[in-house]
Amino acid sequence: MEVRVRFAPSPTGFLHIGGVRTALFNWLFARHEGGKFILRIEDTDKQRSERRFEEDILKNLEWLGIDWDEEPARQSERLDLYEKNLKRLFDEHKAYYCFCTPEELEDEYEAQMSQGLVPKYSGKCRSLTPEQVAMKQLKTPGVIRFKMRDHVVSFPDMIRGKVEFNTALFGDIIIAKSMREPLYNFASVIDDADMKISHVIRGEEHLSNTPKQMMLQEALGLPTPKYAHLPLILGADKKKLSKRVLTNSLNDYRAQGYLPSAIINFLMLLGWHPSDDKEVFTVPEMVQAFSIKRVQKAGAIYNPEKLDWFNSMHIRALSDKELAEYLKPFMPEAWYSDTNRLLRAIAVTKERMKSLADFQKEAEFIFSIADYPASMLAWKNAAPAKTLEHLEHVSEILSADNGTTFPSEHTTTALMEYAAKEGRGDVLWPLRVALSGRENSPGPTELLRILGGPESIKRVGEAIQKLKHAL
RNA sequence: GGCCCUAUCGUCUAGUGGUAGGACAAUGCCCUCUCACGGCAUAAACAGGGGUUCAAUUCCCCUUGGGGCUACCA
């Protein structure tokens with residue numbers, strides 16, 4: 001049997017972390033098995049569905065590298081199919097119209113609860129068909145219910161093992177608002193069958209929908225796919241990361257400088273673990289290693305610090321050139337004009353970045369030095385006059401450099417010998433501050449290499465002037 | 001309330017019928033002119049109670065904790 005899975009988001013909000021995780025596990029499963037990954041937009045809720053959210057979902061999946069097979073389907077464009085199946089249910093007396101008002105239902109439920117019963121719809125208007133409804137010309141819109149057969153449904157969940165529900169506790173569920181307004185449980189069942197979905201991999205919040213959907217499958221003579229219910233991703237408060245909250249949108253992660261592969265790597269390890277202790281994966285390695293057997297059962301709390309770590313690991317795994325491409329939106333255009341200088345800047349800041357957004361502040365001084373106080377040039381309690389003397393000597397060494405690449409080995413050696421003689425801190429600290437204008441920066445030799453001879457000599461000269469003014 | 005799922009360091013987790021390993025975070029030391037990186041080290045967990053067993057973190061039951069569902073959302 002061909003493996004066909006689907007990701008079926010409802011476009012009622014921006015793509016968020018939880019959605020990505022569901023999509024990811026489906027995608028990894030499909031790619032690992034050599035199957036198909038189908039995208040289905042579940043936009044039956046006309047009030048809340050918006051086209052911009054759908055576009056956001058597609059755009060971000062694409063950005064993450066989660067690619068789909070076949071043209072994405074939209075449920076709002078498949079109403080004929082649902083209507084056909086709804087008619088069939090009516091013909092076979094398995095569905096009926098219900099005109100109870102919410103108030104009536106609430107009264108009924110309360111009465112049941114007061115008797116210690118489980119509240120459920122009793123099915124008092126069980127026989128109305130669409131024709132009768134049309135004839136009656138009722139004013140209230142009504143809903144379509146499915147006659148739930150009392151039955152103990154049990155199914156093997158690929159992650160949890162055997163799961164059992166008693167459908168007698170559900171009552172007759174509402175499957176549509178009208179013949180052309182299907183609801184989730186119904187539309188989803190029809191589509192999974194129509195699209196020949198072999199495995200339904202979804203969040204645990206759907207676990208209790210499964211028996212309802214299986215009863216619908218039974219009533220319509222449709223096959224039952226295999227089910228796998230993923231543990232939920234929880235926030236620090238242990239509540240599920242809700243799609244209705246606007247935080248955790250992928251757009252935010254993208255804007256904050258997270259790499260797609262880092263997000264995917266992080267999410268994969270949230271609820272899944274390989275058989276060894278490997279943690280940092282490339283995407284092909286993830287596809288290769290994934291197995292649904294090793295998915296966790298309990299919910300996992302989302303830990304942003306570990307995401308940062310994955311991001312820094314994935315940033316380092318990139319070549320300088322690749323990183324430059326990713327960095328493009330995170331730097332002023334001017335920085336991009338000198339490719340060689342940019343690449344050198346990236347090389348030296350690469351392992352200092354937790355996110356792409358860090359690049360600008362880490363590399364800023366390379367492109368233009370900020371003003372700094374003369375006092376910053378002195379190492380610890382060194383006398384300004386002494387610091388000046390060191391810098392002047394360093395300037396002489398640098399100016400004498402006539403090698404092809406700066407700094408030449410001769411220059412470096414001279415510098416280090418001088419530093420060894422006069423005290424490393426006393427010489428290297430002022431040089432480094434002169435070159436970077438900052439208390440914290442990469443080392444002086446690295447800086448000389450990034451900046452090149454003329455710029456280095458210029459900056460040291462400026463530092464000397466600063467000291468002279470201060471004296 | 002009912003139904004269902006679930007339970008190893010703070011967090012993500014490995015693991016086995018013979019008392020626990022990794023990672024992130026934290027702390028300390030080393031490297032070092034600073035920061036970052038790196039290296040080394042420390043602290044840190046089997047929710048509780050019953051069984052089964054020579055032996056239980058591991059198997060079973062109960063309790064407790066956490067979560068999900070209980071929509072004319074998905």
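To find a chain, count down the sequence lines: A is the first, B the second, and so on, and within it residues start at 1.
Side-chain N or O atoms of A:Ser395 include none that pairs as donor or acceptor with a backbone N or O of A:Leu391 at under 3.5 Å. Not one N or O on the side chain of A:Trp27 forms a donor-acceptor pair closer than 3.5 Å with the backbone of A:Val5. A distance-only check finds no donor-acceptor pair linking the side chain of A:Ser188 to the backbone of A:Asn185 [under 3.5 Å]. Side-chain atoms of A:Asn311 come within 3.5 Å of backbone N or O of A:Leu259 as a donor-acceptor pair. The closest donor-acceptor contact from the side chain of A:Ser355 to the backbone of A:Gln256 lies under 3.5 Å.
Annotation: of the two residues near RNA chain B, A:Val163 and A:Trp272, the 5′-most nearest-nucleotide partner is A:Val163. Judged by closest nucleotide on RNA chain B, A:Asn166 is the one of A:Asn166 and A:Asp43 placed further toward the 5' end.
Protein atom NZ of A:Lys212 is 12 Å distant from nucleotide atom C1' of B:A74, rounded to whole Å. A straight line from CG of A:Leu169 to P of B:G1 spans 16 Å, rounded to a whole angstrom. Regarding A:Glu279, its CD atom lies at a distance of 16 Å from the P atom of B:U11, rounded to whole Å. A:Ile175 places its CD1 atom 16 Å from the P atom of B:A71, with the value rounded to the nearest Å. The CG-P distance, from A:Asp157 to B:C5, rounds to 10 Å in whole Å. Atom NZ in A:Lys354 sits about 11 Å away from atom C1' in B:C24, given to the nearest Å. Residue A:Lys162 contributes atom NZ, which lies 14 Å from atom C1' of B:C4 at whole-angstrom precision. Atom NZ in A:Lys297 sits roughly 15 Å away from atom C1' in B:C4 (whole-Å rounding).
Looking at heavy-atom distances under 4.0 Å, A:Glu164 makes contact with sugar-phosphate atoms alone, never a base. Using a 4.0 Å heavy-atom distance criterion, A:His229 is classed as making no nucleic acid contact. Contact annotation for A:Glu42: backbone-only contact, meaning every heavy-atom pair under 4.0 Å involves sugar-phosphate atoms and none involves a base.
Between A:Glu389 and A:Lys386 there is a salt bridge, since a side-chain N of the basic residue sits under 4.0 Å from a carboxylate O of the acidic one. Of the charged side-chain nitrogens involved, at least one lies within less than 4.0 Å of a carboxylate oxygen, so that A:Asp191 and A:Arg40 count as a salt-bridged pair. No salt bridge links A:Lys361 with A:Glu364; every basic N to acidic carboxylate O contact stays at or beyond 4.0 Å.
Rounded to the nearest Å, the gap between the C1' atom of B:A44 and that of B:U13 is 15 Å. The gap from the C1' atom of B:A45 to that of B:A26 amounts to 16 Å, rounded to the nearest Å. A distance of about 12 Å separates the C1' atoms of B:U57 and B:A47, rounded to the whole Å. Taking the P atoms as reference points, B:G21 lies 13 Å from B:C46, given to the whole Å. Between B:G66 and B:G10, the distance separating the two C1' atoms is 16 Å to the nearest Å. B:C33 and B:U42 have their C1' atoms separated by 29 Å, given to the nearest Å. To the nearest whole angstrom, the two C1' atoms, one in B:U53 and one in B:G17, are 8 Å apart. Straight-line distance between the P atoms of B:G2 and B:A71: roughly 16 Å, to the nearest whole Å.
Which of B:C37, B:A7, B:G67 sits closest to the side chain of A:Leu232 comes down to B:G67. Counting only heavy atoms from C-beta on, A:Ile174 has its side chain closest to B:C72 among B:C72, B:A36, B:C12. When the nucleotides B:G38, B:A74, B:G22 are ranked by their closest atom to the side chain of A:Lys306, B:G22 comes out on top. Of the candidate nucleotides B:A74, B:G38, B:A25, B:A25 has the atom nearest to the side chain of A:Glu305. Distance from the side chain of A:Leu183 is smallest to B:A74 among B:C4, B:A74, B:G22. Closest to the side chain of A:Phe165, from the set B:C3, B:C69, B:C12, is B:C3. Listed nucleotides B:U6, B:C5, B:C37 differ in distance to A:Ala298; the shortest reach to its side chain belongs to B:U6.
Under the 30°/60° scheme for interplanar angles, the aromatic rings of A:Trp429 and A:Trp379 are found to be tilted.
Taking 4.5 Å as the limit, every side-chain heavy atom of A:Glu422 sits out of range of all side-chain heavy atoms of A:His393.
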Using the 3.5 Å cut-off, write out each protein N or O paired with an N or O of nucleotides 30-34 of chain B and the distance between them.
residue	atom	partner	partner atom	Å
B:C33	OP1	A:Arg424	NE	2.1
B:C33	OP1	A:Arg424	NH2	3.0
B:C33	O2	A:Arg432	NE	3.0
B:C33	N3	A:Arg432	NE	3.3
B:C33	N4	A:Pro444	N	3.3
B:U34	O2'	A:Asn440	OD1	2.5
B:U34	O2	A:Arg432	NH1	3.2
B:U34	O2	A:Glu439	O	3.4
B:U34	O2	A:Ser441	N	2.9
B:U34	O2	A:Ser441	O	3.2
B:U34	N3	A:Ser441	O	2.7

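Residue A:Arg294 places at least one side-chain N or O under 4.0 Å from the OP1 or OP2 atom of B:G15. Put simply, A:Gln296 has a side-chain N or O that comes within less than 4.0 Å of OP1 or OP2 on B:A14. Within the 4.0 Å cut-off from OP1 or OP2 of B:C72, not a single side-chain nitrogen or oxygen of A:Ser178 is found.
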